[in-house]
Amino acid sequence: MIKARLKERLDQCFVEGIEKGFWTDSAADLYSVEEPKQVAHGDFSTNMAMIVAGREKRKPRDVAQQLAGMLSLHKDLVHKVDVAGPGFVNVFINKDEWQKVLYVVCELNENYGPANVGNGKKVLVEFVSANPTGPLSVGHGRQAVLGDAVARLLSETGHEVTREYYYNDAGRQMRVLGESTRARYLELLGLPAEFPEDGYQGRYIRDIAHELVEEKGDTLKDAPDEIPFKEKAEKVIFDDINNTLGRLGIRFDNYYNEHSLYENGHVDEVVNLLRERGLVYDQDGAVWFKTTDFGHDKDRVIIKSSGEPTYRLPDIAYHREKFRRGYDWMVDIFGSDHIATVPDVLAGIKALGYNDEKVTVVIHQFVTLMRDGKQVKMSTRKATFVTVDELLDEVGPDVVRFFFLMRRADSQLEFDLDLATKESQENPVYYVQYGHARLASIAKQAEAKGVKAGNLDAAAVHLLALPEEINMLKAMASYPDLVTNAALALEPHRLIFFLQDLAGQFHSYYNKHRVLSDDQELSRARLWLAEGLRIVFRNGLTLLGLTAPEIM
RNA sequence: GCGCCAGUAGCUCAGUUGGAUAGAGCAACGGACUUCUAAUCCGUAGGUCGGGGGUUCGAAUCCUCCCUGGCGCGCCA
């Protein structure tokens with residue numbers, strides 16, 4: 001908020017400079033306000049002088065002097081202005097501006113957070129979208145948590161968010177699932193069974209078969225097809241997936257069945273529309289989509305010669321429906337193994353006359369699981385995968401969520417089970433949560449001692465003048481912008497890093513200075529600071545779906 | 001062979017979209033509990049930002065060419 005205010009003043013100075021004939025408007029909108037890494041460089045700095053100088057062939061430091069002269073007159077906000085380096089103008093903000101941040105935080109309390117940049121924009125966030133062929137594995141876990149955090153961030157910034165899970169219970173995968181279950185069922189009955197070559201070998205299939213035996217006895221042994229087995233397996237597995245998601249605190253608003261796109265004729269419509277536009281042709285008995293018209297290296301089959309569509313066609317139809325359902329922004333969270341589908345879907349959307357810029361695809365890289373210092377190789381078909389449920393059993397939802405959010409989606413995520421399962425101080429999630437718990441504890445301690453914080457007033461706030469205190473206030477001040485930017489960039493990890501940093505500042509402060517002391521006025525002031533910090537920790541943690549414990 | 005993503009301290013990773021002397025955690029070493037919670041803190045050490053070239057006032061960040069790893073490149077999803 002202070003940064004925005006400074007930017008306004010800077011804009012004023014820029015205009016003033018034009019009026020005074022210092023420079024022209026050639027640098028308009030090109031300069032920026034930054035937060036320097038070094039304290040000596042002030043609270044903020046601007047590169048305006050260098051931009052102006054570059055465009056008008058002048059000496060940057062001369063321009064900087066002119067700017068500094070004007071900016072330093074804004075004494076209500078600015079304490080000091082320096083010209084430094086190649087032409088930076090460094091700005092030191094009045095200390096009490098930082099102190100006043102505490103009013104805002106404490107007053108807004110749970111509402112202290114990002115701006116309403118969404119303005120009611122309707123956003124569809126699609127994620128997980130795993131077909132019900134098995135329990136959620138670690139890879140799905142990352143996607144589930146990432147998608148949920150993105151949805152939470154968007155929601156918090158004033159977007160109207162729908163969380164959607166897209167699935168297909170009619171394809172070949174599901175047939176194999178049914179056949180795998182049937183084979184296990186027959187085995188349990190002691191009957192000859194042929195397990196499909198590419199069947200699902202996980203233990204859960206046996207468990208489902210076992211349930212079937214208990215419920216139906218041997219009445220299904222002569223079933224004409226795998227359908228009753230498929231249906232049972234699908235139901236059990238979907239329940240299991242939803243249970244896992246529930247444990248992670250994730251709820252979907254909508255489950256979208258691919259099959260409905262056929263029933264409603266949307267798939268056929270898409271083919272017809274593309275055909276009308278001459279973007280589809282028949283060859284070798286198959287129907288092809290002319291993706292080369294969109295710059296791709298080759299055309300793609302959308303209906304096989306068998307008459308069955310490939311996955312691309314319903315995917316395109318599905319995204320068309322997203323547009324037709326009136327969403328302003330569609331966010332897809334995909335694993336990197338689905339990257340090939342993205343250009344095809346976008347081409348399809350464009351071909352149908354929709355603006356593909358309204359679709360943002362977040363591709364997350366894979367999770368590498370480390371156990372006993374070695375990488376665990378995983379495969380859904382074979383029994384060699386670690387489920388999200390197993391992780392949750394071992395470390396609980398907070399650690400799972402935190403670990404999955406610690407990294408940029410772009411980078412591969414190493415999930416160290418040895419570390420995550422260790423309930424020790426090495427776990428960064430405890431570090432942050434402990435900060436909150438300590439703050440809560442201070443409040444309780446104050447109450448027990450009869451120390452009253454009283455009203456938050458100027459007298460109290462001015463006592464918060466230590467560099468550590470000002471720095472924490474600065475961090476608190478930057479929280480709303482940070483969350484806003486994290487939301488718009490779809491990057492929850494920024495908030496994780498913010499919280500870790502703030503926790504570091506606070507723990508350090510805690511060890512050096514006492515909140516509650518013999519000095520009543522100072523205690524009062526610091527109690528308010530503690531309250532502000534607690535609010536920011538709590539808001540940040542809950543925004544990411546993490547708990548903010550009072551006691552640890 | 002082609003496309004996407006990555007390569008930053010011993011390890012795992014940030015780096016505000018081009019800013020000033022590149023940061024954190026873990027691991028290592030040495031310290032701090034009669035005090036609001038030691039799940040904490042303080043100190044030390046650690047770097048050719050994969051490599052070469054280019055763009056400009058200025059590059060970890062942008063363009064280009066190589067190297068390495070991951071994921072794809074199907075009438076599988």
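In the text below, chain A, chain B and the rest are named by the order of the sequence lines, each starting its count at 1.
Pairing for rA28(B) is with rU44(B), a Watson-Crick or G-U wobble pair whose two hydrogen-bonding atom distances lie under 3.5 Å. Nucleotide rG72(B) forms a pair with rC2(B), judged by Watson-Crick or G-U wobble geometry with both contacts under 3.5 Å. For rU35(B), there is no paired base (Watson-Crick or G-U wobble, both distances below 3.5 Å).
Comparing rU16(B), rA20(B), rA38(B) by their closest approach to the side chain of A84(A) singles out rA20(B).
Listed by chain and residue number, R438(A) satisfy the side-chain hydrogen bond (donor to acceptor under 3.5 Å, both in side chains) test with H507(A) (two or more places apart in sequence, or in another chain). When the side-chain hydrogen bond (donor to acceptor under 3.5 Å, both in side chains) test is applied to R407(A), no partner is found at least two apart in sequence or on another chain. With sequence neighbours excluded, no residue forms a ring-ring contact (aromatic ring centres under 6.0 Å, His included) with H259(A). D315(A) is linked by a side-chain hydrogen bond (donor to acceptor under 3.5 Å, both in side chains) to nothing, counting only residues two or more places apart in sequence or in another chain. Residues that satisfy the salt bridge (charged side-chain N to carboxylate O under 4.0 Å, His left out) test with D519(A), not counting sequence neighbours, are absent from this structure. Applying the salt bridge (charged side-chain N to carboxylate O under 4.0 Å, His left out) criterion to E226(A), with sequence neighbours excluded, gives no partner residue.
Put simply, the side chain of Y430(A) and the base of rA39(B) share no donor and acceptor less than 3.5 Å apart. Looking at T341(A), its side chain has no donor and acceptor atom pair within 3.5 Å of the base of rA77(B).
The nearest whole Å value for the distance from the CZ atom in R494(A) to the P atom in rU16(B) is 8 Å. The separation between F415(A) atom CZ and rG25(B) atom P is 21 Å, rounded to whole Å. Rounding to whole angstrom units, CZ of residue F506(A) and P of rC41(B) are separated by 11 Å.
Among the protein residues, H436(A) comes within range of no part of the nucleic acid, since none of its heavy atoms lies under 4.0 Å from any strand. Heavy atoms of Q375(A) sit nowhere under 4.0 angstrom from any nucleic acid atom. Heavy atoms of H507(A) sit under 4.0 angstrom from primed sugar atoms or phosphate atoms, though from no base atom. Residue N90(A) is in base contact, counting any heavy-atom pair closer than 4.0 Å across all strands shown. Within 4.0 Å of A340(A), counting heavy atoms only, lie sugar-phosphate atoms of the nucleic acid but no base atom. Using a 4.0 Å heavy-atom cutoff across all strands shown, S517(A) reaches no nucleic acid atom at all. Within 4.0 Å (heavy atoms only), Q38(A) reaches at least one base atom of the nucleic acid. At a threshold of 4.0 angstrom between heavy atoms, the contacts of A437(A) include nucleobase atoms, whether or not backbone atoms are also involved. Counting non-hydrogen atoms under 4.0 angstrom, N485(A) reaches nothing in the nucleic acid.
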Table please: side-chain donor-acceptor pairs of residues 331-342 of chain A below 3.5 Å, with sequence neighbours left out.
from    : atom 1 : to      : atom 2 : distance (Å)
D332(A) : OD1    : K322(A) : NZ     : 2.9
D332(A) : OD2    : H319(A) : NE2    : 2.5
T341(A) : OG1    : H338(A) : O      : 3.1

N/O donor-acceptor pairs under 3.5 Å from side chains in residues 482-498 of chain A, not counting sequence neighbours:
from    : atom 1 : to      : atom 2 : distance (Å)
T484(A) : OG1    : A115(A) : N      : 3.3
T484(A) : OG1    : P480(A) : O      : 2.8
N485(A) : ND2    : D481(A) : O      : 3.3
E491(A) : OE1    : R494(A) : NE     : 2.9
E491(A) : OE1    : R494(A) : NH2    : 3.0

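Stacking between H493(A) and rA14(B) is absent: the ring centroid is not both under 5.5 Å from the six-membered base ring centre and under 30° in plane angle. No aromatic stack links F88(A) and the base of rG19(B), using centre distance under 5.5 Å and interplanar angle under 30°.
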For nucleotides 54-64 of chain B, 5' to 3', base contacts (B), sugar-phosphate-only contacts (S) and non-contacts (-) with protein non-hydrogen atoms under 4.0 Å give -----------
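Outside the 6.0 Å centre-distance limit, the rings of Y255(A) and Y166(A) are not counted as a close aromatic pair. For Y165(A) and Y256(A), the distance between ring centers is not under 6.0 angstrom. Annotation: F14(A) is in aromatic contact with Y31(A) [ring centroid separation under 6.0 Å].
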Please tabulate the protein-to-nucleotide N/O contacts below 3.5 Å involving nucleotides 3-13 of chain B, giving atom names and distances.
from    : atom 1 : to      : atom 2 : distance (Å)
rC5(B)  : O2'    : D410(A) : O      : 2.7
rA6(B)  : OP1    : R408(A) : NH2    : 3.4
rA6(B)  : OP1    : D410(A) : OD2    : 3.3
rU12(B) : O2'    : R407(A) : NH2    : 2.8
rC13(B) : OP1    : Q412(A) : O      : 2.8
rC13(B) : OP1    : E414(A) : N      : 3.3
rC13(B) : O2'    : R407(A) : NH1    : 2.8

Any N/O pairs under 3.5 Å between the protein and nucleotides 29-34 of chain B? List them or say none.
none

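Rounded to the nearest Å, the gap between the P atom of rG10(B) and that of rC5(B) is 27 Å. Between the C1' atoms of rA24(B) and rG47(B), the separation comes to 15 Å (whole Å). Straight-line distance between the C1' atoms of rG46(B) and rU8(B): roughly 14 Å, to the nearest whole Å. If you take atom C1' in rG43(B) and the same atom in rA6(B), they sit 35 Å apart, rounded to whole Å. If you take atom P in rU68(B) and the same atom in rC62(B), they sit 22 Å apart, rounded to whole Å. Comparing the C1' positions of rG15(B) and rA9(B) gives an interatomic distance of 15 Å, to the nearest angstrom. Of the P atoms belonging to rA39(B) and rU34(B), the separation is 15 Å, rounded to the nearest Å. Comparing rG72(B) with rG58(B), their P atoms are spaced 43 Å from each other, to the whole Å.
The distance from atom OG of S478(A) to atom CD1 of I2(A), rounded to the nearest 0.5 Å, is 10.5 Å. Between F22(A) atom CZ and R58(A) atom CZ the span is 8.5 Å, to the nearest 0.5 Å.
Near RNA chain B, defined here as any heavy-atom distance below 4.0 Å, the residues from residues 294-306 of chain A are K298(A), R300(A), V301(A), K304(A), S305(A), listed numerically.
A salt bridge between R175(A) and E179(A) is absent, with no side-chain N of the basic residue lying under 4.0 Å from a carboxylate O of the acidic one.
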